[in-house]
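The sequence lines fix the lettering, A, B, ..., with proteins before strands; numbering per chain opens at 1.
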Amino acid sequence: MQLRRGLDWGTLTPLRITAKVVADGLYSGGHPSPRRGPGVEFGGHRNYVPGDDLRWLDRRALMRHGRLLVREFETDTDRALRLVLDASASMTYKSAAAPAAKLAYAALLAAALGRVALSAGDPVALDWIGGDERRPLPATGGREAFERIVRALEDARPGGDLRLDRTAIERALAPVARHARRGSVVVLFSDLLDLPDGALERFAALSARGRVLIAVQVLDPAEATFPFRGAVRLRSSEGGQIVETDGDSVRSEYLRALDALTATWRERLLAVRGRLVRCQTTDDPVDTVRSVLRAIEGGRQ
Amino acid sequence: MSFVVAAALAIAALIGLPVLAHLLRRSRAREQEFPPAHLVPQAQPVARQRRRIEDRALLSIRALVILALALLGATPLVECSRLSLDRSSGASVAMAIVLDDSLSMYAKSQGGRRRFDHALAGARELLDSARSGDAVTIVLAGAPPRLHLAATTDLEQVRRALGECEPSDRATDLSSAVKMARAALQRLPHADRRVVVLSDMADDPLPEGQPIAVAPLAQLRTAAPDCGIVQAERQGRRVRVNVACNTASASRDRRLEVVAQAAAPAGDGGQRVGAGQVIGDAPLEVRAGAQLLSLEVSQPLAAMDVRLTGGDALAEDDQLAVAPESAALMVAVIRDPSTSSVLTGGATLLEQALAALDRDIVMRPLGVLPDDAKTLAPFALLIMDDPPGLAAESRTLLAEWLARGRVALAMLGPRVEATQLGSTLDPFVQGAARWEKSESDGADVASLGWLGAAAESLARLEPQGRVLLASAAPQGSQVTARWQDGQPFALETAVGRGLALTTSLPASVEQSDFALRPGFLALLGHAIEQAELRAGPRRSQAGDSWTFAPSPSVTVTGPRGPLALQDQAGDSPEKVVSVANAGRYAVTVGADTHERFVHRAEREILKLPENPDDVAPASSGVAIKSRIDASADLALLLLVLLTAELALRFAKRPARRKPDADATAA
């Protein structure tokens, strides 16, 4: 897998400026942070969610409005970026019209995001869902961290069936919940197609402790448009399901099902101040990273 | 196996390719990886069914395309058994088709198809191989042979003429037909001439000559066991039936039945008879050949049919109408045995002469002329030898009888001078005729040319006397013969539709040698012919022609409906009709209606087809196998099939996709 080959660093240059603007707010004292959390200067109220530190529960507001509100402050926080990549078998799919497999595109996005974060001084960690011989990286910073991330991504060997291995999500997200510090940004790169039941809830639960959750749904253009015509026999990458169907007559029904899946994730993440970014492997990665950065910014506000 | 056959088989084997491709294509759709397959619903059965139907249509069209291609390639090599004209050069051909329409052509082959239909199909195949410029003539070989269509280059006209041909009960006369066909070709300018005989060859061998006559249809010459009724005649309470069987097997377990044609009331001790009721029967002898059966009927009826039970290859000759005894030409002879008999006694010379003619007549000797019309009516010819004169009632009766188309011959003798008071010989002579000593020794042969060669015999008659007709010739009479001194020897006087013939000598050998001369027989034969011409032969053979004197209304209705009368050849005003089928005919001439009966020829039933090897000369210019060139039709079919496939594919074409979809489509 040659990650650098498809990455247009020149195109990312304006992205880096935007990222720097976002990253500047991540360092304590560097500049005002839009991030709400424990600190010294009151930043407003928000609804209580389970897991919030009870120390910041506003009792007066409870008595006045009868609602559980948490007080927030502009604070200096650890702005670590945790990249979680889905390396299951479905991420290796590449249709004829796609420039690369979904995992390659996701890795490109992850590397770009990591570089932006590292450039801003934020530590970057790397975790995996599924995959063989995966090599997670703890949150580290510095120029060397980017190289380590790139190598880890290059060495990734996709595999595994998440639909059969229902504990894979638990095993992947447990370290994240354990090590991600308050205010961390967790970005999940996945097609969201073959994740087992409960994966969404498990991922949404990471939003505790002020973490920002971003799910980047990476789709192959064939998955996004369903270009098949006539009689086709489709085999699922995970789960071993085989469907024999007529492409023309089921296209709209498939697209509705896909949209419903995406909408479920989007709404659920919005409920925890998270964001969903949907992209195709044919999309310009600069635009996609910019969308992710905007989503991160939106999740912090 | 030749290389060509092997190559044709190899091409034909290609028809399996679209079938194989179709099976491979429809066996299972190509499996593809698609991660979100669990989001894709199963296909609708209706769509699959439609696709299956479309696939079958495409498969059929493609298979047909390959088949058409194989046939197109093999077309010049395909041969089939059909008649065609072989051409040694590119010149046009003159062809005479001798089509046998005789009785035996009704016989059915094993396939249930009549010989005549096979022959007709062969004639059409020959026409198909004819080209523009070829001349074709059609001769029908049923007796008597007829030129059905004069030689023409209009092939469509020939086809129409063939469509008018029908088999009949006629006998076969191939020999005359072939001669007629050769004569028809003789006048044509074509150098290449052919005579093709489409017949079962149940006749004498074809005559030698040029061009060689060829009979290419061997399937017509298979033997067909048959028994047929030749003729049937009532005689009192019995019915005499002539039956012919060409093989003994055809006559086995078969009977001859006499059935009533119509219901008849009880009478004369008989019981009531219903239509179709069997009133007499007898078994056939189990043997080949002709048989004469005499059946006694329980009740003699005016209208009866005979039929054969069982079946054979030819059902058309298993039934026939029974002719009454009076169907033969009735001839009344009024003579004086004391003067006209030979010295040894017995029949008179006149009666012996009539018998010697061997004509189908029934002779009735009468002493005097009947004095009532009912007695005279059955007779068609009245011959009076030296009549003494006719009373007024007899003259009136005779005139009325003659006017209805009868013929009377009066051979006048010495008694013309002994007529009683009030009696005359009108309409034979007018006034008193005189018998005188003859000054001439015989008749003028030149004036008797209409008698043919027999006229020479009348040159010396050594007459004792003669009747002077010159002064007694009736008004409107015509002298048909003269004495050598110019006196009238014979007269003809038209009376209505009838004819009165008069001779100036009697039949008595005491007066002359007239009755001893062949010319006498010829004269009697002439009288019979005139009687037949007017009264018509009551019994004829299929194929005979009936000639009718000019009459305002003559209709002939046969067993297959009315017949069309045609003009006699030449300037003759007489009408003629040919009776082709056996059975009962109703003839109406003016107010007179009578029945005639047509029978079959015995030989036509008995004669078996000739050996094919003897009647199909080789190198005759007619080929039985022919190559078929259907390239044009097959090419058109191929074009239609290709167009159909294009149309089907166009109808099944995928809908136009959007540009962005194109970019992502697999």
query: Within the side chain of A/Ser236, is there an N or O that forms a donor-acceptor pair under 3.5 Å with the backbone of B/Ala37?
result: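 Not at all, since once roles are kept as given, no pair shorter than 3.5 Å links the two residues.
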
- prompt: Can you tell me if B/His38 uses its side chain to pair, donor with acceptor, with the backbone of A/Leu193 under 3.5 Å?
  reply: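 Checking the backbone N and O of A/Leu193 against the side chain of B/His38, a donor-acceptor pair under 3.5 Å is found.
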
query: Pick from A/Ala98, A/Ala257, A/Ser237, A/Ala89: which one has the most heavy-atom pairs with chain B under 4.5 Å?
result: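 Option with the greatest count: A/Ser237.
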
field: Nearest-0.5 Å distance that lies between atom CD in B/Gln32 and atom CZ in A/Arg235
entry: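 It comes to 10.0 Å.
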
- prompt: Minimum heavy-atom separation for B/Val40 to A/Val243, with atom names?
  reply: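 In terms of heavy atoms, the two residues are closest at O-CG1, 3.6 Å.
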
Structural part of A/Glu238 lying under 4.5 Å from a heavy atom of chain B: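 For A/Glu238, there is no contact with chain B at all, as no heavy atom is under 4.5 Å.
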
task: Please lay out, stage by stage, how A/Val232 and B/Phe34 fare under the test side chain to side chain contact (heavy atoms under 4.5 Å, CB included).
output: CA-CA 11 Å; A/Val232 290; B/Phe34 190 65; over 6 Å; no

- request: Kindly indicate whether the side chain of B/Pro36, heavy atoms from C-beta on, has any atom under 4.5 Å from the side chain of A/Tyr254.
  value: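 When only atoms from C-beta onward are counted, A/Tyr254 and B/Pro36 do touch, with a gap below 4.5 Å.
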
